[in-house]
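The structure appears below as structure tokens.
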Amino acid sequence: MKGVIIAAGYGTRFLPVTKTVPKELLPVGTKPSIAYILEEFLASGIEEIIVVTSRRKKSLEDYFDREMELEEVFRREGRADKLAAIAPCGAKVSFVRQAEMRGTGHALLQVKPFLGGEPCVVAYPDDLHIGSPPLALQLIEAYERTGKSILATILEPGDVSRYGVVGPAADGLTVKSFVEKPAPGSEPSHEVSIGRYLYTPDFFDLVEEGWGRHSGGEYFHTYALDALIAAGRVAFKRVSGTRLDTGDPAGYLEAILADAAANPALRPVLERFARGMLASGGAS
Ligand code: G1P
């Protein structure tokens, strides 16, 4: 099974830094956020990864390349720890460029020729997952049980109108309907889709078919998903673990704090800072 990371977006919520730094390279601890998805894929047995990128994100490709100069320096100095920090990631990572920002359906269209007619796990780069079993593996297991495309879901995330919401069928497994960002009160349930999907090859055929009929502007994969749902070919998997959403500065901060809280070297800093803030009544 291959993994796909859709990483061509402009990252406008992080301007001005994203004028020059892809948001996928913003650090959570000392690792760029995209490395967390890579680790999730590897832990799920996914070793071939396609990143959809763009001409504005050349440093993303560099990140996955060898750092020969540093390797040489650290080898000379006998710095095994530093060598380990820059060791190749262990996956075969390739890149496909999306020449125009024409939506997620258009991004998925770019990877279709490289999937060899096999299912794949698609990740949105803002959704990080902490926990075991790794998120992609939870989807792969659901696919192996059902043979269907799988949407990763969580229950009751707060404001459901910010998400794609699943209307579950009576079997509690199949997706009966899917409403993208429903008006408050009109949602079919509180089971929301997060940025991880396992798509079967028929999904990509439908993405291509929908593109053929598309008449301009951004192209999302709504047509393909709706058609697959109507055919009873989509299931959902309520996933376990912690979801971190680095899509905006607030969620990004939370990811950094979660990482620091789990790191014995950084946790005391966090505690000291929190105590100081609480004592002084918070920052003003
Ligand atoms: C996207 C998807 C939505 C999903 C969400 C999860 O929305 O379209 O279905 O619930 O990611 O983060 P976005 O947040 O990109 O607007």
Side-chain angles (χ1 to χ4, degrees), residues 3-15 18 22-24 26 28 33-34 36-37 40 51-54 98 101-109 111 120-131 135-136 138-139 149-168 175-184 186-199 203 206-207 210 214 217-229 234-255 258:
V4 172
I5 306 176
I6 298 184
Y10 290 132
T12 54
R13 279 176 284 193
F14 287 90
L15 284 170
T18 42
K23 72 171 174 182
E24 295 78 13
L26 294 179
V28 175
S33 62
I34 196 169
Y36 287 78
I37 297 180
E40 174 202 320
V51 184
V52 183
T53 178
S54 80
Q98 192 178 4
M101 295 306 103
R102 297 198 62 184
T104 41
H106 182 252
L108 290 168
L109 208 56
V111 293
C120 67
V121 176
V122 173
Y124 286 6
D126 297 340
D127 268 81
L128 308 188
H129 176 264
I130 313 286
L135 181 43
Q138 296 184 44
L139 301 191
S149 285
I150 310 288
L151 306 184
T153 62
I154 56 173
L155 191 65
E156 305 286 1
D159 181 4
V160 296
S161 66
R162 290 176 45 207
Y163 296 86
V165 184
V166 164
V175 176
K176 196 173 72 183
S177 63
F178 184 79
V179 191
E180 187 68 35
K181 308 199 173 61
S186 72
E187 62 273 5
S189 77
H190 285 186
E191 191 85 46
V192 313
S193 154
I194 60 171
R196 227 41 117 253
Y197 313 83
L198 189 149
Y199 288 131
F203 170 81
L206 288 162
V207 170
H214 184 65
E218 287 195 79
Y219 175 60
F220 298 100
H221 48 278
T222 327
Y223 166 80
L225 194 58
D226 286 350
L228 220 53
I229 288 170
V234 182
F236 66 97
K237 164 72 186 160
R238 189 184 298 163
V239 294
S240 62
T242 304
R243 171 182 183 245
L244 297 167
D245 179 2
T246 58
D248 61 24
Y252 175 60
L253 174 62
E254 205 174 323

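We count ligands from 1, going down the list as the structure has it; atoms in each ligand are counted the same way. All figures in this text were calculated on a predicted structure; none of them were measured in a lab.
Here the protein heavy atom with the shortest distance to atom 9 (O) of ligand 1 is Glu180 OE1, 2.9 Å. For atom 7 (O) of ligand 1, the nearest protein heavy atom (residue, atom name, distance) is Lys181 NZ, 3.2 Å. Looking only at protein heavy atoms, the nearest one to atom 1 (C) of ligand 1 is Tyr124 CE2, 3.7 Å.
Under the 3.5 Å distance criterion, with hydrogens and angles disregarded, no donor-acceptor pair is assigned to the side chains of Glu218 and His106. When only modelled atom types and interatomic distance are considered, Glu156 and His190 share a side-chain donor-acceptor pair under 3.5 Å. In the model, Ser33 has no side-chain atom that pairs as donor or acceptor with a side-chain atom of Glu24 under 3.5 Å.
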Asp127 vs Arg243, salt bridge (Lys or Arg N to Asp or Glu O under 4.0 Å): CA-CA, chis, key distance, verdict: CA-CA 7 Å; Asp127 268 81; Arg243 171 182 183 245; 2.4 Å; yes
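Residue Asp127 places a heavy atom under 4.0 Å from ligand 1.
Using the six-membered ring where Trp is involved, His221 and Phe203 have ring planes that are perpendicular, over 60° apart on the 30 and 60° scheme.
Considering only residues two or more places apart in sequence or on other chains, Tyr252 meets the side chain to side chain contact (heavy atoms under 4.5 Å, CB included) condition with Phe14, Leu26, Pro27, Val28, Thr246, Ile256.
Here is the list of ligand 1 atoms found below 4.0 Å of a heavy atom in Arg243: 6 (C), 12 (O).
The option with the heavy atom closest to atom 6 (C) of ligand 1, from among Ser193, Gly247, Gly164, is Ser193.
Protein heavy atoms are absent from the space less than 4.0 angstrom from atom 14 (O) of ligand 1.
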